[in-house]
Amino acid sequence: MPDYNFYDNVYDVVRLIPAGRVTSYGAIASYLGSKQSSRIVGYAMMACSNANPPVPAHRVVNRQGMLTGKFHFRGDTMEQLLQNEGIQVIDNQVQNFRELFWDPAIELDL
DNA sequence: TACTTGACAAAAG
DNA sequence: CCTTTTGCCAAGT
């Protein structure tokens with residue numbers, strides 16, 4: 001059971017993201033220990049649809065606050081989900097991203 | 001085992 | 001602000 005996979009680690013962090021907040025792939029990767037693994041985080045998100053329980057991938061965006069993976073969603077779009085949590089999204093971009101940013105390395109750790 | 005792909009990030013023009 | 005290039009790591013073929 002203690003099979004520590006990179007994916008599970010990512011899912012765990014993403015699930016800890018509070019509603020109304022967003023984070024970046026790099027922040028998660030950095031929290032896991034390797035900021036350069038940011039791509040792997042996105043890769044894990046691609047398979048998040050197969051994860052149980054499902055992770056709030058809509059709260060994970062790139063460093064620009066842009067909804068890069070909105071096309072990978074099925075049914076509801078990221079903007080819909082984010083706006084439902086009170087996040088303003090315009091042109092596939094999170095407004096006030098700087099304020100809504102949630103860094104696990106700062107919020108969780110320490 | 002080697003090559004390709006990818007929901008990224010940072011730097012350069 | 002935008003596009004292009006480079007690096008980086010894991011998974012799939």
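Proteins get letters first, then strands, A, B, ... in listed order; numbering begins at 1 in each.
- Each of A:Tyr7 and A:Gln93 was matched to the nucleotide of DNA chain C holding its nearest heavy atom; the match closer to the 5' end belongs to A:Gln93.
- Straight-line distance from the CD atom of A:Gln64 to the C1' atom of B:dA9: 9 Å, rounded to whole Å.
- Rounded to an integer number of Å, the gap from A:Ile28 CD1 to C:dA10 P is 16 Å.
- For A:Arg63 and C:dC1, the CZ to P distance is 14 Å, given to the nearest whole Å.
- When rounded to the nearest whole Å, the span between CE of A:Met46 and P of B:dA7 equals 7 Å.
- A:Met66 has its CE atom 11 Å from the P atom of C:dC1, to the nearest Å.
- Considering only side-chain atoms of A:Ile40, the nucleotide from C:dC9, B:dA10, B:dA7 that sits closest is C:dC9.
- For the OP1/OP2 pair of C:dC9 and a distance below 4.0 Å, the side-chain nitrogens and oxygens of A:Lys35 include no atom meeting the criterion.
- Counting any heavy atom pair closer than 4.0 Å across all strands shown, A:Phe71 reaches no nucleic acid atom.
- For a distance-only test at 3.5 Å, the side chain of A:Tyr43 fails to qualify as a donor-acceptor partner of the base of C:dA10.
- Rounded to whole Å, atom C1' of B:dA10 lies 13 Å from atom CG of A:Asn62.
- At a threshold of 4.0 angstrom between heavy atoms, the contacts of A:Lys70 with the nucleic acid are absent.
- Shown here for A:Arg21 and A:Leu100, the closest heavy-atom pair between the two residues is CD-O, 3.4 Å.
- Summarising the geometry of A:Tyr25 relative to A:Ser38, their closest heavy-atom pair is CB-O, 3.8 Å, with the distance given to 0.1 Å.
- Under 4.0 angstrom from either OP1 or OP2 of B:dC8 there lies at least one side-chain N or O belonging to A:Thr68.
- In this structure, A:Gln95 contributes its side chain and A:Gln93 its backbone to a donor-acceptor pair below 3.5 Å.
- Considering only heavy atoms from C-beta on, A:Asp103 stays 4.5 Å or farther from A:Thr23 through its side chain.
- One atom, NE2 of A:His72, and another, P of B:dA7, lie 4 Å apart when rounded to the nearest Å.
- Atom CD of A:Gln36 is separated from atom P of B:dA9 by 13 Å (rounded to the nearest Å).
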Determine all donor-acceptor pairs shorter than 3.5 Å in which one atom belongs to a side chain in residues 44-63 of chain A; sequence neighbours excluded.
| from | atom 1 | to | atom 2 | distance (Å) |
| --- | --- | --- | --- | --- |
| A:His58 | NE2 | A:Glu85 | OE2 | 3.1 |
| A:Arg59 | NE | A:Glu85 | OE1 | 3.1 |
| A:Arg59 | NE | A:Glu85 | OE2 | 3.1 |
| A:Arg59 | NH1 | A:Ile17 | O | 2.7 |
| A:Arg59 | NH2 | A:Glu85 | OE2 | 2.8 |
| A:Asn62 | OD1 | A:Gln64 | N | 3.2 |
| A:Asn62 | OD1 | A:Gly65 | N | 3.0 |
| A:Asn62 | OD1 | A:Met66 | N | 2.6 |

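- In this structure, A:Ala57 reaches the bases: a heavy-atom distance under 4.0 Å links it to at least one base atom across the strands shown.
- Taking 3.5 Å as the limit, the base of C:dC8 and the side chain of A:Arg39 contain a donor-acceptor pair of atoms between them.
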